[in-house]
Visitor: 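Below you will find the structure I want to go over with you.
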Amino acid sequence: FSQAVLEHVEDLQSVYRTIHSWLKPKGYSSNQIDFKSHGFSNEWNGHWTYSSLFWKLTIGRRPWTFINREPCSSHKIKIKNAGFKIINELLFKSKSRIKRKNLAKDFKNISEDDLIISGAFFQMIKE
């Protein structure tokens, strides 16, 4: 189980694979993920407007990842790549006032869904 933890993980794929390795066959994992900016911008999804360089300067030299800025679709891909099947998902959506033209280069191609999904709850089973 994790509650608002996976948005702080730098190597997300390794973490999902590690969770998978801990479980017995058909074991379950339950994870709540917060995609909001954690106060780093005025808009809940404003962190996706910051360039990689600006983000690096904003975060500084913390010994841990403050937030990884991975959108929902990225988590879903990594969950499946780790060998899980999502059996239940609950998506929390928030209005976005960010215009696509204002997104940073790394986020220009995120989906319309990713732009409004501010949180997700996934229940998954080890396949």
Side-chain angles (χ1 to χ4, degrees):
F1 298 93
S2 74
Q3 172 69 33
V5 171
L6 294 173
E7 69 266 20
H8 301 285
V9 173
E10 192 165 333
D11 188 355
L12 201 50
Q13 189 65 74
S14 290
V15 169
Y16 281 122
R17 285 190 176 126
T18 299
I19 293 168
H20 187 270
S21 73
W22 290 339
L23 298 173
K24 293 180 180 181
K26 304 293 184 196
Y28 293 92
S29 178
S30 175
N31 303 282
Q32 174 90 26
I33 305 161
D34 182 3
F35 300 111
K36 295 187 286 296
S37 71
H38 289 53
F40 277 94
S41 69
N42 291 331
E43 299 296 328
W44 74 264
N45 57 357
H47 56 305
W48 291 327
T49 66
Y50 301 152
S51 70
S52 294
L53 176 59
F54 184 79
W55 185 251
K56 196 175 243 186
L57 292 172
T58 301
I59 296 304
R61 294 185 178 185
R62 289 179 174 87
W64 40 271
T65 300
F66 197 76
I67 56 173
N68 58 32
R69 301 196 299 164
E70 296 277 350
C72 185
S73 62
S74 179
H75 281 262
K76 289 172 84 169
I77 290 167
K78 288 172 172 60
I79 287 167
K80 290 176 184 175
N81 287 345
F84 284 106
K85 176 182 177 186
I86 296 172
I87 56 172
N88 189 25
E89 74 175 31
L90 180 59
L91 303 177
F92 303 92
K93 297 180 179 183
S94 299
K95 182 175 173 60
S96 174
R97 293 189 282 189
I98 302 293
K99 296 191 180 349
R100 187 163 290 281
K101 69 179 183 176
N102 297 116
L103 292 171
K105 180 181 166 186
D106 292 342
F107 301 99
K108 285 277 187 210
N109 295 319
I110 66 172
S111 70
E112 290 300 316
D113 279 342
D114 277 338
L115 200 52
I116 63 169
I117 296 172
S118 58
F121 174 69
F122 295 117
Q123 291 177 318
M124 47 226 213
I125 189 168
K126 180 176 180 173
E127 293 194 299

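What you are looking at is a predicted structure, and each value in this text was computed from that prediction instead of being measured. Side chains are part of it too, since the values below use all heavy atoms of this structure and drop only hydrogens, waters and symmetry mates.
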Visitor: Would F35 and F92 show up in the same hydrophobic cluster when neighbours are defined by side-chain heavy atoms closer than 4.5 Å?
Guide: no
Visitor: For S29, which residues count as a side-chain contact (heavy atoms from CB on, under 4.5 Å) partner, sequence neighbours excluded?
Guide: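 For S29, the residues satisfying side-chain contact (heavy atoms from CB on, under 4.5 Å) (neighbours in sequence not counted) are I19, L23, N31, F84, M124.
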Visitor: Inspect the contact between R97 and E43 and indicate whether a charged nitrogen and a carboxylate oxygen are less than 4.0 angstrom apart.
Guide: yes
Visitor: Taking salt bridge (Lys or Arg N to Asp or Glu O under 4.0 Å) as the test, write out the residues that go with R17, two or more places apart.
Guide: none
Visitor: Indicate yes or no for a side-chain donor-acceptor contact from K108 to the backbone of K101 under 3.5 Å, with no hydrogens or angles considered.
Guide: yes
Visitor: Hey, does the side chain of K126 reach the backbone of H20 with a donor-acceptor pair shorter than 3.5 angstrom?
Guide: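 Yes: the side chain of K126 pairs with the backbone of H20.
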Visitor: Quick one: side chain to side chain donor-acceptor pair (under 3.5 Å) partners of N88, sequence neighbours excluded?
Guide: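 Here the qualifying residues are Q123.
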Visitor: Got a second to check how far I110's CD1 is from S74's OG, nearest 0.5 Å?
Guide: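 Output value for this atom pair is 11.0 Å.
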Visitor: Kindly write out the residues that satisfy side-chain contact (heavy atoms from CB on, under 4.5 Å) with L12, not counting sequence neighbours, or none if the list is empty.
Guide: L6, V9, Y16, N68, E70, H75, K78
Visitor: Atom NZ of K95 and atom CG of L115: how far apart are they, to the nearest 0.5 Å?
Guide: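 Those atoms lie 11.0 Å apart.
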Visitor: Which residues satisfy the side chain to side chain donor-acceptor pair (under 3.5 Å) test with Q32, sequence neighbours excluded?
Guide: none
Visitor: Check side chain to side chain donor-acceptor pair (under 3.5 Å) between N102 and all other residues, then give those that pass, not counting sequence neighbours.
Guide: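 Residues passing side chain to side chain donor-acceptor pair (under 3.5 Å) with N102: none at all.
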Visitor: Hey, any chance I116 and F107 share a hydrophobic cluster, counting ILVMFWY side chains that come within less than 4.5 Å of each other, even indirectly?
Guide: no
Visitor: Using the salt bridge (Lys or Arg N to Asp or Glu O under 4.0 Å) criterion, which residues pair with E89? Sequence neighbours excluded.
Guide: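 E89 satisfies salt bridge (Lys or Arg N to Asp or Glu O under 4.0 Å) with K76 once adjacent residues are dropped.
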Visitor: Applying salt bridge (Lys or Arg N to Asp or Glu O under 4.0 Å), name anything that partners E112, two or more places apart in sequence or on another chain.
Guide: R100
Visitor: Just to verify, what does F66 make a ring pair (Phe, Tyr, Trp, His ring centres under 6.0 Å) with, not counting sequence neighbours?
Guide: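 F66: ring pair (Phe, Tyr, Trp, His ring centres under 6.0 Å) contacts with F40, W64.
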Visitor: Restricting to side-chain contact (heavy atoms from CB on, under 4.5 Å), what partner residues turn up for F54, sequence neighbours left out?
Guide: Y50, S51, T58
Visitor: Surrounding OH of Y28 (heavy atoms of other residues, nucleotides or ligands, distance under 6.0 Å), is the total greater than 12?
Guide: no
Visitor: Identify whether I79 and W22 are in the same connected component of the hydrophobic contact network (ILVMFWY, side-chain heavy atoms under 4.5 Å).
Guide: yes
Visitor: Any chance you could lay out the side-chain contact (heavy atoms from CB on, under 4.5 Å) test for C72 and L91, step after step, and finish with the verdict?
Guide: CA-CA 9 Å; C72 185; L91 303 177; 3.9 Å; yes
Visitor: Can you tell me how far the CZ atom of F122 sits from the CG atom of L90, to the nearest 0.5 Å?
Guide: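 One gets 9.5 Å once the value is rounded to the nearest 0.5 Å.
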Visitor: Sequence neighbours left out, what passes side-chain contact (heavy atoms from CB on, under 4.5 Å) with D106? Give chain and number order.
Guide: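 Scan of D106 (side-chain contact (heavy atoms from CB on, under 4.5 Å), adjacent residues dropped) gives S52.
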Visitor: Of S37, S118, S96, S94, which is the lone residue that meets side-chain hydrogen bond (donor to acceptor under 3.5 Å, both in side chains) with N45?
Guide: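 That would be S96; it is the only one of S37, S118, S96, S94 passing the side-chain hydrogen bond (donor to acceptor under 3.5 Å, both in side chains) with N45.
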Visitor: Look at the side chain of W48 and the backbone N and O of R69, then say whether any donor-acceptor pair between them is shorter than 3.5 Å.
Guide: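 Such a contact is found between W48 side chain and R69 backbone.
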Visitor: Do the side chains of K93 and D113 get nearer than 4.5 Å, heavy atoms only?
Guide: yes
Visitor: Just jot down the salt bridge (Lys or Arg N to Asp or Glu O under 4.0 Å) partners of E7, sequence neighbours excluded, or say none.
Guide: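 In terms of salt bridge (Lys or Arg N to Asp or Glu O under 4.0 Å), with neighbours along the sequence ignored, E7 is linked to no residue.
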